[in-house]
Each structure stands twice: as structure tokens, then as C-alpha cells.
Amino acid sequence: MIELKKSYSPEDIEDKWYSIWENNGYFKPDLNAAKSPFCIVIPPPNVTGSLHMGHALNVTIQDIISRWKRMSGHKVLWLPGTDHAGIATQNVVEREISKEGIDRHKLGREAFIEKIWTWKAEYGSRIIHQLKKLGASCDWSRERFTLDEGLSKAVREVFVRLFEERLVYRDSRLINWCPRCHTALSDIEVEYEEIEGKLYYIKYPLTSNSEVQTQDFIVVATTRPETMLGDMAVAVHPEDERYKNFIGKNLDLPLTGRKIPVIADLSVDLAFGTGAVKVTPAHDFNDEAIGKRHELEAISVIAKDGSMSAEAGQRYKGLDRYQCRKKVIEDLNELGLLQGDKKHLHSVGHCYRCKTIIEPMQTIQWYVKIESLAKEAIKAVEDKKIRLIPEQWENNFFAWMKDIKDWCISRQIWWGHQIPVWYCLECKGEDGMPLKISQRQDPTECPECGSKNIIRDPDVLDTWFSSALWPFSTLGWPDDTEDLKTFYPTSVLVTGFDILFFWVARMIMMGLKFMNDVPFRDVYIHALVRDSKGHKMSKSKGNVIDPLVMIEKYGADAFRFTLAAFAAQGRDVRFSEDRVEGYRHFINKLWNAAKYIINIQHPDVASFSELSEPPKPSTLPEKWILNRLAITVEEVNRNLTNYRFNDAANNIYQFVWHEFCDWYIELTKPVIYQGSDNEKNEVIKCLFFILEKTIRLLHPFMPYVTEELWNTVFKNSESIMVSPYPEGLPKYSDADAEMNYVINAVAGIRSIRGELNISPSLEIKADIRTLSNEVEKILKDSLPAIIKLTRCKEINIGADVKRAKGSAVSVKEKMEIYIPIEGLLDIKSEIDRLQKEKTKIDDAIAVLNKKLSNEDFLKNAPDAIVQKEKAKFDNLIHRIGKIEENIKLLKQVNSE
RNA sequence: AGGCGCGUAGCUCAGUGGGAGAGCGCUACCUUGACACGGUAGAGGUCAGGGGUUCGAUACCCCUCGUGCCUACCA
């Protein structure tokens with residue numbers, strides 16, 4: 001005897017099924033199977049990470065696709081792994097050890113890296129456990145980490161080849177520097193944030209031996225007064241009448257004793273500030289460009305830790321850049337050279353890892369020459385070798401790729417792939433710098449001069465360098481592995497738009513360069529998960545919803561289904577917990593439908609669970625529900641193909657609840673409880689068939705509950721995971737329209753009962769005048785069901801049915817429904833009752849009216865409460881109208 | 001400043017050249033042999049506003065307002 005608990009409780013079964021799936025190897029593709037390959041590589045979460053809503057959405061979508069494709073007959077590889085996340089991880093561990101009063105420099109490079117590995121061993125698998133909680137069907141036997149031996153080999157190979165082809169180079173220029181992380185950052189690792197600063201107006205006096213009057217000066221406007229210590233010129237627009245006479249003259253740079261020239265440059269905006277710009281080539285990107293045009297020197301007055309350098313002068317040296325700003329202002333003020341300041345809104349670059357304000361800094365770094373790589377990537381997208389979904393992202397992609405700058409790939413940190421370059425200290429390369437050596441094996445001597453006096457570059461590669469190789473490095477490249485042959489190019493990449501440039505664009509470039517083929521065919525770009533107000537979730541804002549809490553409260557299935565239902569293309573997700581609760585109810589609904597079905601008493605009921613052929617019914621409800629199922633199956637498959645997960649989820653929801661449960665199951669009850677064994681046979685077959693198909697259809701969305709039902713109700717294969725996905729079911733196209741008449745008849749009778757408040761326990765008579773023979777036949781065939789659903793004792797159907805005196809009417813398509821209410825209701829006392837109710841409602845309206853015209857209430861009550869009260873008010877108004885109508889109807893019936 | 005979105009029920013959101021929808025919330029009734037995590041009947045919307053195209057616009061085009069994001073600039 002099969003049994004199901006009264007309601008579904010996820011906590012009992014989720015972990016159980018997950019380990020059964022994993023232990024039975026259902027997540028592993030069979031490479032020898034004669035099936036077409038399908039592959040997704042996971043966007044590797046940071047090892048430091050813990051599951052957030054973004055991951056949850058991302059992973060749910062990938063799992064839906066993977067399970068769907070697996071059931072649809074592909075050999076599916078969903079390859080998981082984690083990213084070493086250079087700066088982020090180093091920061092986390094640095095914070096950890098600082099609690100013990102240690103810093104990494106005291107510890108030394110090797111010992112520090114050792115610490116990180118220890119930390120990774122302990123905490124790095126947390127995120128993996130959390131992915132499993134969601135039900136992710138990844139092949140864990142192929143799990144990768146970006147610092148694995150194999151992936152490191154790929155990184156080495158790629159770097160050396162780029163080096164050999166001169167696509168990487170070393171150069172000294174201004175870069176974004178994080179003084180806290182103590183490393184260079186690439187352009188996109190800088191986040192700009194609008195902050196309110198001050199614009200200071202500073203007087204730069206003309207040098208006294210000039211022919212112009214000595215009291216003359218130029219006023220410059222700056223937000224960063226401390227950088228004036230490194231000023232090399234003041235630039236004005238060549239056409240600016242105010243300054244024309246100054247061009248070529250010298251100014252005394254206050255606080256320094258240096259003299260700097262006034263130069264003319266077209267980049268100066270006449271309208272901004274004073275029209276005169278102080279030029280600090282060492283600490284500003286625009287100024288660097290001006291400096292280059294005018295062959296100015298660059299003096300770095302800020303050191304790499306954000307303090308002032310010796311070049312800033314004895315008075316300022318060692319001060320923090322912001323302390324120095326204060327001091328410079330004070331000093332200028334004392335000298336009478338500060339004209340004033342005003343508030344100024346401007347956006348300032350911050351480190352994307354630690355949020356420290358970045359400092360443009362002159363350093364030597366490694367770069368990837370990107371232009372040729374970008375060209376190929378653009379072409380691949382233009383030629384539709386890669387599809388971006390939704391397509392609108394192509395615009396952003398092209399815009400970014402066409403304007404892309406060389407990629408700074410060296411980082412002055414310790415955690416990551418150390419750059420495989422050695423410098424010979426004995427001989428020089430073409431550029432006059434120490435000779436650079438980059439080989440697949442660590443060199444022991446200089447290949448040019450044979451000197452053993454070589455040292456390795458201490459820097460590591462940008463963490464995104466190894467991520468860029470992920471689609472092929474994880475499959476075994478540079479070795480020619482079976483996995484690589486089978487699964488590259490991968491099928492689809494599922495990712496958020498926030499890493500489109502960090503990651504996706506670079507994978508495309510590297511894939512095309514080193515595999516001569518795109519890394520994936522489709523890129524499905526999903527939305528960001530935001531809070532209910534539309535803000536990004538972040539710890540500092542305190543608006544984070546923890547996916548694990550959702551799973552614990554509602555179960556993974558309900559949570560996953562919610563994410564799927566929210567995942568409309570091209571729109572951000574504003575997460576609301578109410579929806580999760582709603583979908584948990586949906587699961588319970590499904591659970592109870594299953595309970596209804598297996599509780600049916602019938603001698604052969606067990607045999608129906610092994611049904612594989614679709615039933616061939618002759619009765620309308622069965623034809624109708626099979627037709628609805630066939631159409632739902634078709635739509636779900638189509639929507640999944642088009643990455644329309646929300647539509648697919650809604651298709652199933654609608655079918656299960658509002659068609660299968662609301663109508664079909666109700667329609668089966670007369671047969672199940674009163675029908676003959678033969679009639680019952682047909683219906684039971686159909687019930688089992690629908691249930692079986694439905695849970696398979698739902699499995700990619702709700703893996704756990706469907707597996708549980710599959711194993712409880714059906715025993716025909718080991719797991720629902722390896723059963724085929726429904727498709728191509730037979731349709732009964734006429735059934736829809738025919739069933740509609742039955743539904744209308746039922747709805748019409750119910751409507752009258754509801755409106756007139758006829759007790760549900762009262763069995764009534766109804767008459768239906770049909771306006772076509774077809775409708776008459778259909779309704780007569782379904783009579784027992786209609787009677788049962790409307791709790792009638794008798795229904796007359798026919799073309800010649802007349803409206804009896806004193807009956808209420810409901811008009812539907814091709815039929816008129818009459819219910820004689822004389823005798824059902826004691827009309828006089830019903831009118832009395834309604835009058836009394838009317839008085840009650842009148843009072844309630846008066847009270848609410850008073851409340852809603854109370855200004856204190858409107859001012860002080862929360863909006864939601866006010867809205868609710870207003871809604872109540874409207875509702876009461878409407879009800880009073882209805883009651884008046886009904887009183888009128890009853891009076892009329894009474895007089896007939 | 002430029003680009004890309006969004007503005008539909010009280011809230012969170014789907015949707016479409018012809019019928020305005022879902023979940024939650026709200027009102028009334030109902031413990032009807034799957035389910036109160038339920039059922040039935042209801043209320044609630046100038047589909048932001050204004051123009052245009054069309055026989056017909058919530059949907060397509062233009063403008064305005066509001067709002068979000070991205071890129072650039074910000075001395």
C-alpha cells in the first residue's frame with residue numbers, strides 16, 4: 001500500500017535524493033553513449049564566496065537546462081569549479097591573520113601562500129556544499145580550481161605563446177593603483193561612485209622676473225590640492241582671452257619653490273572652473289596625456305601605500321594623502337593663496353575589491369595587446385557564431401569591444417599564477433631593459449648569455465586571466481583529451497551581465513585565439529537579483545536575502561521554482577519572499593493531487609502506475625485534459641529552448657493547478673466514486689498518465705519533490721532523472737471548445753449561487769436552455785459531472801427549456817441558465833437579512849469614511865495600511881451595490 | 001552628456017495589434033471523503049501622461065515626466 005504524508009515536507013527528502021543521484025553517477029555523462037553532447041561550464045564562484053541570490057539564480061537556470069537536456073537524450077556535462085579570486089582571497093586571509101597581529105610581509109611570501117591554501121582547504125568547499133543544497137546536478141568528479149595543476153599548465157602555455165607572439169608586453173605608464181591592496185588594477189576593476197567633494201581655487205603667482213605685473217596670478221581649480229606638489233604646468237585653452245598673455249610664462253608653484261610653465265592645450269574646457277588646469281602628469285590620466293603632448297616630466301608625489309613620497313617635500317613626506325590635502329589647504333590659506341572652495345559632485349574611482357579610492361600611479365606592468373583579439377571576438381558575435389541572449393546585449397558588447405584598451409594583467413599580490421617571466425641581470429633586451437625570458441619550463445640560466453644570474457618576476461596574473469581560459473582549460477587543454485574533443489565548444493554559458501566584460505568577452509577572445517573556435521554557442525545573460533525596492537543586495541546595505549534561509553524555510557524546489565518564474569528576459573529580478581511561499585503551496589497542491597490518485601480504490605490500481613502508452617479516451621474530460629497536457633508540454637519545450645524560463649514555469653503552474661486540479665480531478669470524482677469499473681479504468685489510466693508526465697515535465701524545476709513522487713507512485717525506472725522528458729503527445733483539438741461549454745455551465749450556476757448567497761449545502765434545481773444541438777449533447781453527456789460540481793439535485797437541459805417564474809438568470813455562450821429561487825430561499829426573510837446586512841455595511845462605511853477623512857490618520861499611518869483601508873472601503877461600496885441589486889431581484893421574483 | 005531598460009491591480013511581477021492577467025494581500029460564504037499550504041463567488045486597473053500610425057493601440061512611432069543601470073567626463 002503506497003502512502004504519502006499529509007503534506008509535503010522537503011527537509012525529509014532533499015539530502016537523501018541528492019546523495020543517491022550523486023552516488024549513482026547520474027551527474028556524469030557517459031562519453032561512449034551514442035547521444036549528442038551538451039556542455040555547460042559553471043561560472044566559477046570565488047573560493048571565498050558563500051552562496052548569494054545571484055548564484056542561486058545562475059545555478060538554478062543551469063540546472064534546469066542540464067536536467068532538461070539530460071532527460072531529452074543528450075550526454076550532458078555540467079562542469080563545476082571555483083576561482084582562486086586573487087585579490088579577494090588574499091584580502092580575506094590578510095584580514096584573518098591580522099586578527100592574530102600578523103601581516104603578510106612579516107610572514108613572507110611562501111608562508112603566506114601556505115596560509116591561504118590551508119584556509120582554502122578549510123573554507124573553500126563551503127560554496128560547493130551550498131550549490132549541492134540547491135540541487136545542482138554538476139559532475140563533481142570533474143570539479144576544477146583555477147590554481148589546479150592542469151589549469152596552471154594552461155595558463156603557462158597561454159602566457160608563453162602570447163609572449164612568443166609579442167602579444168604580451170611590459171610597459172611603464174599610469175595605471176589604476178589600489179593603495180590598500182597594493183596592486184595595479186585593470187580599467188574595469190575600478191568602480192566609479194559619485195561623491196561630494198570640494199573644488200578648491202588656488203592662486204599660482206607669476207614668477208616675479210616676468211615682464212607682467214608681479215601681483216598677477218592664475219587661479220586654478222582642483223579637487224585634489226595635494227597633487228599640486230607634483231604639478232608640472234598650468235594648461236589653458238589657446239583661444240582663452242583671459243589667459244592668452246600668460247602662455248609661455250612661468251608661475252611660482254606655491255609650497256615647492258619650483259617654477260612651472262603656462263601651456264596651451266586644446267583639451268582644456270573654457271567653461272569649467274577657472275579655465276586654467278593644473279597639470280600633474282604623475283597622478284591623473286588626462287594630465288598624463290597633456291604631459292606627453294608637451295614633453296613634461298612626471299614627478300610622483302604619492303607613494304604606493306597612499307602616503308606622500310619624498311618628492312612631495314620634507315614638510316609633507318610620509319603624510320597620508322588626505323592628511324596632506326588638509327595641510328596643503330592650511331598652508332595655502334596662511335600664504336593667502338587660497339581663494340576659496342565650493343562643493344563639487346564628481347565620480348571617484350574605487351577598488352572593486354576593497355572600495356579604497358584608487359590612485360593613478362606610474363608603474364611598470366604587463367599588458368595584453370588586445371586589438372587583434374577583440375576584432376575576432378566582434379566578428380564571432382557579428383557572424384552569430386555566438387548568440388547573446390537577450391540580443392540587446394550585443395550593443396553593449398560591441399560598444400565595449402570596439403573601444404577596448406590593452407589589458408593590464410600583472411598584479412602586485414602573491415595569491416595567483418606567478419608570471420612566468422625571468423629577467424637576466426647580465427644582458428639587456430632590445431628595449432634596453434633586462435632581457436625577458438618566458439618558457440614552458442622554468443629556466444635555470446639565460447639563454448642568451450648563459451648567466452645563472454636570473455630572477456623571476458614577483459607579480460602574479462590578474463585572476464581573470466585564468467578565468468578567460470576556463471571553457472577549455474577545465475576540459476584538459478593543452479592536452480588533447482576526450483573531454484575536450486567531446487564537449488568543446490560548450491553549448492551555453494549562463495551568466496549575469498555584471499561579468500560580461502570581466503569574463504565573457506575575454507573567454508571569447510582566448511577561445512578563438514587558442515582553440516580556433518568559439519568557447520560557447522549561446523550566452524544566456526540573466527538579470528541581477530535585487531531587493532524588493534530594486535536595489536542591489538549588499539551586506540553594507542543590509543538588504544541581503546540568504547538563499548540558504550529560503551531553502552530551509554520553503555525547500556529548494558519552491559525556491560528554485562520562484563527564481564525560474566522570476567527569470568524574465570531583460571529585466572532585473574526583484575525578489576519577494578511571498579512568491580516563494582506561494583510556490584510552496586503549489587508543491588503541496590501537486591502532492592495532494594498525487595495523494596488523491598494513489599488513494600483511489602480499484603482492484604488493478606497498481607498496474608496503472610506502469611502505463612507507458614498514452615490512453616485513448618472516448619470521453620470529453622479525458623480528451624480535454626490530455627489535449628491540455630499535450631499543449632503544455634509543447635509550450636514548455638518551446639519556452640525552454642528559447643530560454644524563457646518564467647514562461648515555462650507558468651505554463652506548468654497553470655496546467656497543474658487550474659486545469660488538472662481545479663477541473664479535471666473534480667470531473668473525475670463522479671466516476672471514481674460512483675462509476676462502473678470500466679468507466680473507472682479509463683479515468684484512472686488518464687490520471688496516472690497525466691501525473692506521470694507532469695512530474696517529469698516539472699523535474700528540471702523541482703527535482704526533489706518530483707523524484708519523491710516518482711519513486712513513491714511509479715516504480716518503472718530507477719530515477720526520474722534518467723527518464724525521458726515529455727514531448728510530442730497526442731492532441732484532441734476539438735476538446736478545448738467543447739469543454740468550454742461544460743465549464744461555462746458550471747460557472748454560470750455557481751455564479752448565481754454565490755451572488756444570491758444560496759447555501760452550498762442546499763441541493764437546487766437548474767434549467768439550461770441550449771442554443772445549439774451540439775451544446776445540448778455535450779452538456780447532457782457531462783451531466784453527472786455538472787450536477788456534482790454545482791451541487792444540484794437536478795438539471796434540465798434542452799432547446800425547449802423555458803425560464804420558470806421567479807428564477808435568476810445567467811447568460812453564457814450558446815446557453816442561458818435559469819435557477820428558480822422561489823422555495824429555495826424564504827424570500828421575505830432573505831430580503832430582511834439583506835436589509836440588515838446593508839445597515840451593517842452602511843455603518844462600516846461611515847466608520848471607514850471618517851477614518852479616511854482624518855488627516856492625522858492619513859499623515860501618520862503607514863502607506864500600506866492606508867491603501868488597505870481604501871481597498872476595504874471600495875469593496876464595501878461595491879457590496880452595498882450588489883446587495884441593493886439582489887434586494888431588487890428578490891422583490892421582483894416575489895411579485896412575479 | 002551618450003547608450004540601454006523600466007513605469008500594467010494595494011505589493012511583487014508576467015503579457016499581447018482586437019478578451020487586461022498571475023502570485024501575495026483584500027471581502028463574503030464553505031471543515032463538500034487529495035489539499036484550509038484548500039474550495040467557490042467577488043472587489044480592485046484611463047496598462048505613467050500627451051501626440052501620431054491603424055478599422056482598432058496597453059502593445060508600434062514621437063515627445064514629456066518619473067525611475068533604474070551602463071559608458072564617458074568631471075581640473
Side-chain angles (χ1 to χ4, degrees), chain A residues 4 6-8 192 194 197 199-200 220-224 227 234-235 267-269 272-280 284 286-287 290 344-348 392-393 395-396 399-400 403 497-498 500-501 528 530 532 534-536 558 562 565-566 568 570-600 646-647 650 653-654 658 661-662 665-666 669 672-673 747 750-761 788-791 837 863-872 874-879 881-882:
Chain A
L4 289 176
K6 189 163 163 44
S7 62
Y8 172 64
Y192 289 88
E194 192 101 311
L199 200 54
Y200 297 93
V220 298
T222 178
T223 53
R224 302 198 56 197
T227 62
V234 166
S267 68
V268 177
D269 177 358
F272 190 93
T274 60
V277 189
K278 60 190 270 313
V279 182
T280 324
D284 183 280
N286 289 318
D287 292 6
I290 297 177
H344 179 63
L345 211 60
H346 62 151
S347 65
V348 176
Q392 73 209 37
W393 283 105
N395 288 334
N396 284 39
W400 192 72
D403 198 31
F497 66 82
D498 49 332
L500 191 59
F501 303 134
L528 235 48
R530 299 174 179 280
S532 59
H535 298 300
K536 252 187 190 176
T562 310
F566 263 129
R571 187 160 169 158
D572 283 345
V573 170
R574 287 199 199 181
F575 191 83
S576 87
E577 194 174 331
D578 288 346
R579 287 282 289 265
V580 191
E581 197 177 349
Y583 290 124
R584 185 189 60 186
H585 295 171
F586 172 62
I587 296 174
N588 196 53
K589 189 77 179 172
L590 177 74
W591 184 263
N592 280 291
K595 238 174 72 180
Y596 167 76
I597 293 170
I598 62 176
N599 283 347
I600 291 169
N646 60 322
D647 289 331
N650 285 329
Y653 184 94
Q654 184 68 23
H658 299 301
C661 291
D662 281 357
I665 284 187
E666 294 305 321
K669 285 178 181 175
I672 296 300
Y673 295 132
R750 280 174 173 171
S751 197
I752 295 171
R753 290 190 80 128
E755 290 289 317
L756 287 180
N757 198 28
I758 295 167
S759 163
S761 58
K788 172 101 183 164
L789 292 181
T790 54
R791 299 184 167 226
E837 203 180 332
D863 277 0
I865 301 284
V866 175
Q867 299 291 7
K868 253 184 199 177
E869 294 293 327
K870 278 186 180 165
K872 256 188 205 170
D874 291 345
N875 211 308
L876 291 176
I877 294 287
H878 183 266
R879 270 181 63 203
K882 280 282 180 188

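We name chains A, B, ... by the order of the sequence lines, and we start the count at 1 in each one.
Minimum atom distance to the side chain of A:K595 is reached by B:C35, of the listed B:C35, B:U12, B:G38. Comparing B:U32, B:C70, B:U12 by their nearest atom to the side chain of A:R579 picks out B:U12. Of the candidates B:C37, B:C70, B:A22, B:C37 carries the atom nearest the A:S7 side chain, counting heavy atoms from C-beta on. Of the candidates B:U12, B:C4, B:G33, B:G33 carries the atom nearest the A:K788 side chain, counting heavy atoms from C-beta on. Out of B:C37, B:G23, B:G39, the shortest distance to the side chain of A:H658 is found at B:G23. Of the candidates B:U12, B:C37, B:C4, the closest approach to any side-chain atom of A:H585 belongs to B:C37. When the nucleotides B:A41, B:A36, B:G39 are ranked by their closest atom to the side chain of A:K6, B:A36 comes out on top. With B:C4, B:G42, B:G23 as the choices, the nucleotide that has an atom nearest any side-chain atom of A:N395 turns out to be B:C4. Comparing B:G15, B:C37, B:U40 by their nearest atom to the side chain of A:N646 picks out B:G15.
Within the nucleic acid shown, A:T280 has no heavy atom closer than 4.0 Å to any nucleic acid atom. Heavy atoms of A:Y653 sit under 4.0 angstrom from primed sugar atoms or phosphate atoms, though from no base atom. Base contact: A:E666 has a heavy atom under 4.0 Å from a base atom. The residue A:V268 sits close to a base: some heavy atom pair falls under 4.0 Å. In this structure, A:R224 reaches neither bases nor backbone, as no heavy-atom distance under 4.0 Å exists between it and the strands shown. Looking at heavy-atom distances under 4.0 Å, A:N588 makes contact with a base. Residue-level contact check: A:D662 touches the backbone only, with heavy atoms under 4.0 Å from sugar-phosphate atoms and none from bases.
The nucleotide B:A22 finds its pairing partner in B:U12, both defining distances of the Watson-Crick or G-U wobble pair being shorter than 3.5 Å. The partner of B:U40 is B:A28, by the rule that a Watson-Crick or G-U pair needs both atom distances under 3.5 Å. Across all strands shown, B:U67 is found opposite B:G5 as a Watson-Crick or G-U wobble partner, with both distances under 3.5 Å. Under the Watson-Crick or G-U wobble criterion, with both distances below 3.5 Å, B:U58 is left unpaired in every strand shown. Base pairing of B:G17: no nucleotide in any strand meets the Watson-Crick or G-U wobble criterion (both distances under 3.5 Å).
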Note to self: Please evaluate residues A:Y200 and A:R224 with respect to the criterion side-chain contact (heavy atoms from CB on, under 4.5 Å), reporting the C-alpha separation (whole Å), side-chain torsions for both, the decisive distance (0.1 Å), and the verdict.
What the structure shows: CA-CA 8 Å; A:Y200 297 93; A:R224 302 198 56 197; over 6 Å; no
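The separation between A:D578 atom CG and B:C37 atom P is 16 Å, rounded to whole Å. The CZ atom of A:R750 sits 15 Å away from the P atom of B:U32 (whole-angstrom rounding). Following rounding to the nearest Å, A:N592 (CG) and B:A36 (P) show an atom-to-atom distance of 7 Å. Whole-Å rounding puts the A:I665 CD1 to B:G33 P distance at 15 Å. One atom, OH of A:Y192, and another, C1' of B:C69, lie 17 Å apart when rounded to the nearest Å. Regarding A:W591, its CH2 atom lies at a distance of 16 Å from the P atom of B:G38, rounded to whole Å. Whole-Å rounding puts the A:L789 CG to B:A41 P distance at 11 Å. Atom pair A:W400:CH2 and B:U71:P shows a separation of 10 Å (rounding to whole Å applied).
One finds a side-chain N or O of A:S751 lying less than 4.0 angstrom from the OP1 or OP2 phosphate oxygen of B:G42. Close to B:G39, at under 4.0 Å from its OP1 or OP2, lies a side-chain N or O of A:K589.
Atom CD in A:E666 sits 8.5 Å away from atom NZ in A:K788 (nearest 0.5 Å).
A:T280 and A:D287 get closest at one heavy-atom pair: N-OD2, 2.7 Å.
Toward the 5′ end of RNA chain B lies the nearest nucleotide of A:Y596, the other residue of the pair A:T223 and A:Y596 mapping further downstream.
Remark: A:K669 is positioned above the aromatic ring of A:Y596, its terminal NZ or CZ atom under 6.0 angstrom from the ring centre and at most 45 degrees off the axis.
Note: A:H344 and A:F272 meet the aromatic proximity criterion, with ring centroids under 6.0 Å apart.
For the pair A:R579 (side chain) and A:F566 (backbone), a donor-acceptor distance under 3.5 Å is absent. The backbone N or O of A:T790 lies less than 3.5 Å from no partner atom in the side chain of A:R750, so there is not a single donor-acceptor pair.
Comparing B:U64 with B:U12, their P atoms are spaced 27 Å from each other, to the whole Å.
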